[in-house]
Amino acid sequence: MSQRQSFLVAVSLCLLLAASFSPCTLAGGGGKPLITPITKDASTSLYTAPLEGGRPLVLDLSGSLVRSTCVTCDASHPTLEPYERECADANRYTRPRCWAYAAGSDDGASNGRSKCAAHPYNPVAGRCASGDLTRAALSASATDGKNPLYPVSFPAVASCAPESLLDKLPAGAAGVAGLAPSDLALPAQIATTQGVARKLALCLPSGGQGITSAMEFTPLRRYQEQPGYYIWIKGINVNQNPVPLGYYGGPLVVGFSTTTPYTALRADVYRPFVQAFDNASTSGFGMQRVAPVAPFEMCYNRSTLWSTRIGYAAPQIDLIMEDGTRYGVFGANSLVQVDDGTVCLAFVEMKAGEVGYEHYGQQAPAMVMGGYQMENNLLVFDEEQQQLGLSTLLLFRQTTCSNFNFTMAA
Ligand SMILES: *[C@@H]1O[C@H](CO)[C@@H](O)[C@H](O)[C@H]1NC(C)=O
Ligand SMILES: *[C@@H]1O[C@H](CO)[C@@H](O)[C@H](O)[C@H]1NC(C)=O
Ligand SMILES: *[C@@H]1O[C@H](CO)[C@@H](O)[C@H](O)[C@H]1NC(C)=O
């Protein structure tokens, strides 16, 4: 636990919203890209940013709405009308668990209710509610791509949500900021109000850079009309050897989630992957297997591992991108210390229908990349160019997402 504690309290200046790098180009409209610090919450492993008047919102990469218990959500809050475009946008995609609520909102409209109802979803508890669509004032800092400049307050369409929808979120959180590539998620709303590109740079603190030279780009792909970011990979290597996936040969779909603490692999991918990793770590790296510690299966005696600048020395995991380039996952992102003497492979098996994957139905992606694997890597989700930029682990450059110096990115 000791290591976990030390990184969980870290704060970084790292969610670079609607910005672009090298150098930070400012699109027309005179607005500037915005930036906000991210904190990892120790007890929930969720990431928050102080976007609502200093109150934190939980970051959700696959969320398509901003929702809040809203200081503004009293009787006088300005609600949108059912016929407004934003109301249609807010209801374009409904999580399966929200269908009952969505049906209810039609009743509202037909019995003369002149408010737009949205269906905010709690991605951690897997629960839904009904709330008015309103306009909230959010805030972040303007940036020149190098440094934070000055605070900016901007209006955003947001859904109100009852207090009960804060269940399982960090103490003090006011709601959830959806970051998906959709019109009412935060990147698109900031792009509109600031006149900048629909682009999101995410650097999650652990507890990353080499950006310009080491960034690899891969196309963003659509998946089942689900909100969120997806890429295709061709395979996974462990210690330079392809993992035998017994797959039909099509692309493997990879999603990204800031509300999933550890990367989840679909069962048919998980099993050969952990076997390949275990084989390479015990026979190649001399790591000694010990009893599993939930939720992990492959755990090792910490005394049989070496520490390096990029985490424990362990078999390298490579994701093979569409163009054949490799994206490496090193010890800092693949192994997690669970107690003084034990280190575990920080990947879990996806359980069909579980919260977080239930909306995929029978066809879950091969992999949903979780927060731990993204920490100290810089990810740039570029909705306009439809591509994802991935940095190598920032630890190679002797930096992290917590002491990221934006000058280096320019
Ligand atoms: C097991 O690991 C060894 C050493 O890294 C390697 O030579 C061998 O090919 C691996 N076997 C399998 C089945 O992955
Ligand atoms: C871990 O390895 C050390 C050193 O090899 C050994 O003394 C210790 O008993 C091992 N612990 C377990 C749980 O196997
Ligand atoms: C960032 O790097 C630049 C150039 O190396 C340096 O002048 C500046 O002081 C650094 N800023 C911080 C906050 O470390």
Side-chain angles (χ1 to χ4, degrees), residues 1-10 40-46 204-208 236-245 260-319 326-351 354 356 367-377 392-396 398 400-402:
M1 281 316 274
S2 52
Q3 195 199 20
R4 211 176 268 192
Q5 302 279 318
S6 66
F7 67 66
L8 293 174
V9 293
K40 184 171 181 177
D41 178 66
S43 56
T44 59
S45 293
L46 293 168
L204 296 177
S206 62
I236 304 171
N237 285 6
V238 169
N239 206 23
Q240 316 299 336
N241 297 318
V243 175
L245 294 175
T260 304
Y262 301 99
T263 296
L265 300 174
R266 205 176 53 210
D268 59 304
V269 177
Y270 175 82
R271 192 51 47 201
F273 169 75
V274 294
Q275 274 161 4
F277 186 89
D278 191 50
N279 173 52
S281 44
T282 50
S283 67
F285 281 71
M287 291 158 59
Q288 182 196 23
R289 270 280 291 287
V290 295
V293 176
F296 308 113
E297 180 178 344
M298 297 295 177
C299 296
Y300 302 92
N301 182 339
R302 187 182 160 209
S303 325
T304 62
L305 280 103
W306 298 100
S307 283
T308 71
R309 182 152 51 83
I310 54 168
Y312 290 107
Q316 182 176 328
I317 299 164
D318 287 311
L319 306 186
R326 294 170 187 197
Y327 177 66
V329 180
F330 303 93
N333 295 111
S334 62
L335 291 172
V336 62
Q337 187 177 340
V338 294
D339 61 40
D340 282 351
T342 315
V343 165
C344 297
L345 177 63
F347 289 76
V348 297
E349 183 174 348
M350 200 183 290
K351 301 282 190 319
E354 231 173 41
M367 180 184 297
V368 173
M369 187 83 81
Y372 192 78
Q373 276 68 35
M374 290 190 266
E375 286 173 1
N376 293 324
N377 289 261
T392 50
L393 183 63
L394 303 188
L395 300 176
F396 277 119
Q398 294 183 314
T400 68
C401 285
S402 301

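Just follow the structure's listing: the first ligand is 1, and inside any ligand the first atom is 1.
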Aromatic ring pairing Tyr262/Tyr372, orientation class (parallel under 30°, perpendicular over 60°, tilted between): tilted

Heavy atom of protein inside 4.0 Å of atom 9 (O) of ligand 2, strictly below: no

Distance-minimising heavy-atom pair for Gln316 and Gln240: OE1-NE2, 4.4 Å

Passing candidate, side chain to side chain contact (heavy atoms under 4.5 Å, CB included) with Ile236, options Asn241, Asp318, Val269: Val269

Ligand 2 to Asn301 polar contact by distance, N or O atoms, under 3.5 Å: yes

Minimum-distance protein heavy atom relative to atom 4 (C) of ligand 2: Ser303 CB, 4.0 Å

Salt-bridge present (Glu297, Arg271; N to O < 4.0 Å): yes

Asp41 side chain to Thr44 side chain, donor-acceptor N/O pair below 3.5 angstrom: yes

Which residue and heavy atom of the protein sit nearest atom 13 (C) of ligand 2, plus the separation: Val290 CG1, 4.1 Å

Region of Gln288 that comes within reach of ligand 2 [heavy atoms, distance under 4.0 Å]: side chain

